[in-house]
Novice: 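This structure is in structure tokens; I'll ask about it shortly.
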Amino acid sequence: FIEARQVLETFASAQRDGLIPNRFSDYGDGCDYNSVDASLWYVHAADAYCHASSDAWAWREVLGPVCERIVEAFVEGTQFNIHMDNDGLIWCGDDSTQLTWMDAKHGDTVFTPRHGKPVEINALWYHALCVLTERSGPRDKKRASWYTEVAGRARKALAHEFWNPETDCLFDVVRDDYHDAAIRPNQILAVSLPHSALTRKQQRAVVTVAERELLTPYGLRSLSPHDPAYRSRYAGNSWERDSAYHQGTVWGWLIGPFVEAYLRVHDFSPSAKSRMRAGLQTLVAHLDEAGLGSVSEVFDGDPPHRPGGCIAQAWSVAELLRAWRMTA
């Protein structure tokens, strides 16, 4: 817990304009803030730490104020055109930016343009509003009431604007009159996070589509193989790798959100845990295949799902550990 709090305090000290840095320089000469999700993940991490540690002091004195500033900045508008729209959802970026985790860009070419309202950003946004509603309630009912009102608008808009009845799942990005119907794994966060804006029926449908279109023994594909833009292999020169990075390549870290979403829609039943635990065995066996004792960053979209990218990726390791613990 001490180490976890120190990490959170370090990021808190670097908060700027409501943004948490997504990268610290290896040379100690600054931070990068070109991310919309780092700040929202910070709210989630701070809340998770306090739940696990019962460290009320840390939330009250350090983490809570930073999380409140993040939400205020997103409402008011901050760098990179990050702002709350009239419907209560978060808009970010423009056609020259890559602010989500799907950030592959080569020169001026953006391979997965996701400016506007990305689905996982708004799932994280709704979750953050619910967290602050819960944590503000006991000491500041007026502030909690405001969070509740904004969360209500966001919940209604997310469940309505992102739902694609043709595919029975969520659009990946909504932008004015544009709705990106590509089936991607980002939507799983609208189910896996502790607070979901979706109905129970919608949650089950999202998990069903993700399992059918995206699930592999090593994680979730970044794009459905039935999409014309799907790339089955992550290989070649830097251009070829970048162009495949989020166009079908499997990401190991996504196994955690999928397992959590599956367990949630099955009420964390023993049978659901048993099925998900069995599904993790291939990733466990992978510990002896690439970086010994670790988990690779990515895998090919098609079998045999050859590992690629970093041979030891922290979030792949973390999510396998988390999924293993959830299925115990």
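On a predicted model such as this, the values are computed, not experimentally measured, just so you know. All values below were derived from every heavy atom in this structure, side-chain atoms included, with hydrogens, water molecules and symmetry-related copies excluded.
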Novice: Is the Trp315-Trp41 ring centre distance short of 6.0 angstrom?
Specialist: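 No, too far apart.
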Novice: Asp300: which residues meet the side chain to side chain donor-acceptor pair (under 3.5 Å) condition with it, sequence neighbours left out?
Specialist: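 Once residues adjacent in sequence are excluded, the partners of Asp300 under the side chain to side chain donor-acceptor pair (under 3.5 Å) criterion are Arg233, Arg306.
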Novice: Please find the pair of heavy atoms, one from Ile188 and one from Pro257, that lie closest to each other, and give the distance.
Specialist: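 Looks like CG2-CB, 3.7 Å.
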Novice: Could you state the interatomic distance from SG (Cys92) to CG (Asn81), rounded to the nearest 0.5 Å?
Specialist: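 Here the rounded value is 8.5 Å.
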Novice: Any donor-acceptor pair under 3.5 Å linking the side chain of Asp227 with the backbone of Ala229?
Specialist: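 At least one qualifying donor-acceptor pair exists.
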Novice: When clusters are formed from ILVMFWY side-chain contacts under 4.5 Å, directly or step by step, what else is grouped with Tyr126?
Specialist: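 Cluster partners of Tyr126: none, it stands alone.
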Novice: Check whether any side-chain heavy atom of His44 lies under 4.5 Å from a side-chain heavy atom of Pro194, and answer yes or no.
Specialist: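 His44 vs Pro194: side chains touch.
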Novice: When you check the side-chain N and O atoms of His286 and Ser296, is any donor under 3.5 Å from an acceptor?
Specialist: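 Side-chain D/A pair, His286 to Ser296: present.
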Novice: With sequence neighbours left out, write down each residue that passes salt bridge (charged side-chain N to carboxylate O under 4.0 Å, His left out) with Glu297, or none if nothing qualifies.
Specialist: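 Salt bridge (charged side-chain N to carboxylate O under 4.0 Å, His left out) list for Glu297, sorted by chain: empty.
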Novice: Under the criterion side chain to side chain contact (heavy atoms under 4.5 Å, CB included), I'd like the reasoning laid out for Met84 against Arg153: C-alpha separation, chi angles, the key distance, then a yes or no.
Specialist: CA-CA 11 Å; Met84 186 178 76; Arg153 287 160 54 197; 3.9 Å; yes
Novice: Taking Ala182's backbone N and O only, do any of them form a donor-acceptor pair with Asp180's side chain (distance below 3.5 Å, no angle check)?
Specialist: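 Side chain of Asp180 to backbone of Ala182: a pair is present.
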Novice: Applying ring pair (Phe, Tyr, Trp, His ring centres under 6.0 Å), which residue pairs with at least one partner in residues 141-171 are found, sequence neighbours left out?
Specialist: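 Sorted pair list: Phe171-His179.
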Novice: Please work out which of the three classes, parallel, tilted or perpendicular, describes the rings of Phe1 and Tyr49, given edges at 30° and 60°.
Specialist: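 Perpendicular: the ring planes of Tyr49 and Phe1 meet at over 60°.
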Novice: Do you know which of Lys273, Arg275, Arg277 makes side-chain hydrogen bond (donor to acceptor under 3.5 Å, both in side chains) with Thr327?
Specialist: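 One option only clears the test, and that one is Arg277.
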Novice: Using modelled atom types and a 3.5 Å cut-off, is there a donor and acceptor pairing between side-chain atoms of Thr208 and backbone atoms of Arg204?
Specialist: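 Checked: pair present.
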Novice: Between Ser145 (side chain) and Lys141 (backbone), is there a donor-acceptor pair under 3.5 Å?
Specialist: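 Absent.
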Novice: If every non-hydrogen atom of Glu120 is compared with every non-hydrogen atom of Thr100, which pair is closest and at what distance?
Specialist: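 Shortest heavy-atom contact: OE2-CB, 3.6 Å.
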Novice: Checking Glu213 against Ser224: is there a side-chain donor and acceptor pair closer than 3.5 Å?
Specialist: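 Judged by distance alone, the side chains do pair up.
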Novice: Taking only residues two or more places apart in sequence or in another chain, which ones pass salt bridge (charged side-chain N to carboxylate O under 4.0 Å, His left out) with Glu134?
Specialist: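 Once residues adjacent in sequence are excluded, Glu134 has no partner under the salt bridge (charged side-chain N to carboxylate O under 4.0 Å, His left out) criterion.
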Novice: Residues in salt bridge (charged side-chain N to carboxylate O under 4.0 Å, His left out) with Arg200, at least two apart?
Specialist: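 Partners of Arg200 by the salt bridge (charged side-chain N to carboxylate O under 4.0 Å, His left out) criterion, ordered by chain and then number, come out as Asp267.
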Novice: Is the side chain of Ser39 donor-acceptor paired with the backbone N or O of Ile20 at a distance under 3.5 Å, no angle test?
Specialist: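 Indeed, once roles are kept as given, a pair shorter than 3.5 Å links the two residues.
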Novice: According to ring-ring contact (aromatic ring centres under 6.0 Å, His included), who are the partners of His51, at least two apart in sequence or on a separate chain?
Specialist: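 If we apply the ring-ring contact (aromatic ring centres under 6.0 Å, His included) test to His51, skipping adjacent residues, there are no hits.
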Novice: Just by distance, do the side chain of Arg221 and the backbone of Thr216 share a donor-acceptor pair under 3.5 Å?
Specialist: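 Here the side-chain-to-backbone pair does not exist.
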Novice: Quick check: closest heavy atoms across Ile183 and Cys169, and the distance to 0.1 Å?
Specialist: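 Shortest heavy-atom contact: CG1-SG, 4.2 Å.
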Novice: Under 4.5 Å between side-chain heavy atoms, hopping through other hydrophobics if needed: is there a path connecting Val298 to Tyr230?
Specialist: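 Unlinked, Val298 and Tyr230 end up in two clusters.
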Novice: Hey, does the side chain of Ser196 reach the backbone of Val191 with a donor-acceptor pair shorter than 3.5 angstrom?
Specialist: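 No, Ser196 side chain to Val191 backbone: no donor-acceptor pair under 3.5 Å.
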Novice: Can you list the steps and then say if Leu283 with Val295 is a side chain to side chain contact (heavy atoms under 4.5 Å, CB included)?
Specialist: CA-CA 8 Å; Leu283 258 181; Val295 184; 3.9 Å; yes
Novice: Quick one: list whatever passes side chain to side chain donor-acceptor pair (under 3.5 Å) with Asp168, sequence neighbours left out.
Specialist: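 If we apply the side chain to side chain donor-acceptor pair (under 3.5 Å) test to Asp168, skipping adjacent residues, there are no hits.
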Novice: Between atom CG of Asp87 and atom CD of Glu161, what is the distance when rounded to the nearest 0.5 Å?
Specialist: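 Reported value, rounded in 0.5 Å steps: 4.5 Å.
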Novice: Check the pair Met102, Ser222 against side chain to side chain contact (heavy atoms under 4.5 Å, CB included), reporting the backbone distance first and the verdict last.
Specialist: CA-CA 9 Å; Met102 287 189 167; Ser222 45; 3.8 Å; yes
Novice: Tell me every residue that passes salt bridge (charged side-chain N to carboxylate O under 4.0 Å, His left out) with Asp85, counting only those two or more places apart in sequence or in another chain.
Specialist: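 Once residues adjacent in sequence are excluded, the partners of Asp85 under the salt bridge (charged side-chain N to carboxylate O under 4.0 Å, His left out) criterion are Lys117.
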Novice: What's the spacing between Arg23 CZ and Asp26 CG if we round to 0.5 Å?
Specialist: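 One gets 5.0 Å once the value is rounded to the nearest 0.5 Å.
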Novice: Is any side-chain heavy atom of Asn186 closer than 4.5 Å to one of Arg114?
Specialist: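 They are in contact (side-chain heavy atoms under 4.5 Å apart), so the answer is yes.
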Novice: To the closest 0.5 Å, what do you measure between CD (Gln313) and CG (Leu320)?
Specialist: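 The CD atom of Gln313 sits 13.5 Å away from the CG atom of Leu320.
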Novice: Would you say Ile90 ends up clustered with Val173 if hydrophobic residues are merged whenever their side chains have heavy atoms under 4.5 Å apart, either directly or through other cluster members?
Specialist: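 As far as the 4.5 Å side-chain criterion goes, Ile90 and Val173 are not connected within one cluster.
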Novice: Go through the structure and list residues passing side chain to side chain donor-acceptor pair (under 3.5 Å) with Ser243, not counting sequence neighbours.
Specialist: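 Once residues adjacent in sequence are excluded, the partners of Ser243 under the side chain to side chain donor-acceptor pair (under 3.5 Å) criterion are Arg231.
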Novice: Say whether, by atom type as modelled, one donor and one acceptor occur between the side chain of Asn164 and the main chain of Glu166 under 3.5 angstrom.
Specialist: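 Yes, the answer is positive, given that a donor and an acceptor are paired below the 3.5 Å cut-off.
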Novice: Please check: side-chain N/O of Gln281 versus main-chain N/O of Ala278, any donor-acceptor pairing under 3.5 Å?
Specialist: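 No, because the side chain of Gln281 does not come within donor-acceptor range (under 3.5 Å) of the backbone of Ala278.
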Novice: Is the shortest side-chain heavy-atom distance between Phe299 and Tyr234 below 4.5 Å?
Specialist: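 Heavy-atom side-chain distance check fails, nothing below 4.5 Å.
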Novice: Identify whether Val119 and Trp91 are in the same connected component of the hydrophobic contact network (ILVMFWY, side-chain heavy atoms under 4.5 Å).
Specialist: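 Different clusters.
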Novice: Can you name the closest pair of heavy atoms from Leu220 and Pro185 and give their distance?
Specialist: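 The answer is CD1-CB, 3.8 Å.
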Novice: Side chain of Trp125, backbone of Gly88: donor and acceptor closer than 3.5 Å?
Specialist: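 Yes, because the side chain of Trp125 sits within donor-acceptor range (under 3.5 Å) of the backbone of Gly88.
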Novice: In sequence, state the C-alpha distance, the side-chain angles, and the governing distance for Asn34 and Gln79, and then conclude on side chain to side chain contact (heavy atoms under 4.5 Å, CB included).
Specialist: CA-CA 9 Å; Asn34 55 334; Gln79 300 179 53; over 6 Å; no
Novice: For the CD atom on Glu3, are there more than 12 heavy atoms of other groups (residues, nucleotides or ligands in this structure) within a distance under 6.0 Å?
Specialist: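 No - once you tally the heavy atoms of other residues, nucleotides and ligands closer than 6.0 Å, there are 12 at most.
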Novice: Without placing hydrogens or testing angles, list every side-chain donor-acceptor pair under 3.5 Å for residues 66-74, not counting sequence neighbours.
Specialist:
{"from": "Glu68", "atom 1": "OE2", "to": "Arg139", "atom 2": "NH2", "distance (Å)": "2.9"}
{"from": "Glu72", "atom 1": "OE2", "to": "Arg143", "atom 2": "NH1", "distance (Å)": "3.2"}

Novice: Return the set of residues passing ring-ring contact (aromatic ring centres under 6.0 Å, His included) with Phe11 (not counting sequence neighbours), or none when no residue passes.
Specialist: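 Residues passing ring-ring contact (aromatic ring centres under 6.0 Å, His included) with Phe11: Phe24.
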Novice: Quick check on the hydrophobic clustering: are Tyr218 and Leu223 connected, directly or via other members, by side-chain heavy-atom contacts under 4.5 Å?
Specialist: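 In one cluster: no.
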Novice: Is the closest side-chain heavy-atom distance between Leu280 and Ile255 below 4.5 Å?
Specialist: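 Side chain of Leu280 against side chain of Ile255, heavy atoms only: contact under 4.5 Å found.
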Novice: Is Val36 reachable from Val131 through a run of hydrophobic residues whose side-chain heavy atoms are each under 4.5 Å from the next?
Specialist: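 Both belong to a single hydrophobic cluster.
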Novice: Can you measure from CD (Gln247) to CZ (Phe111) and round to the nearest 0.5 angstrom?
Specialist: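 Output value for this atom pair is 9.0 Å.
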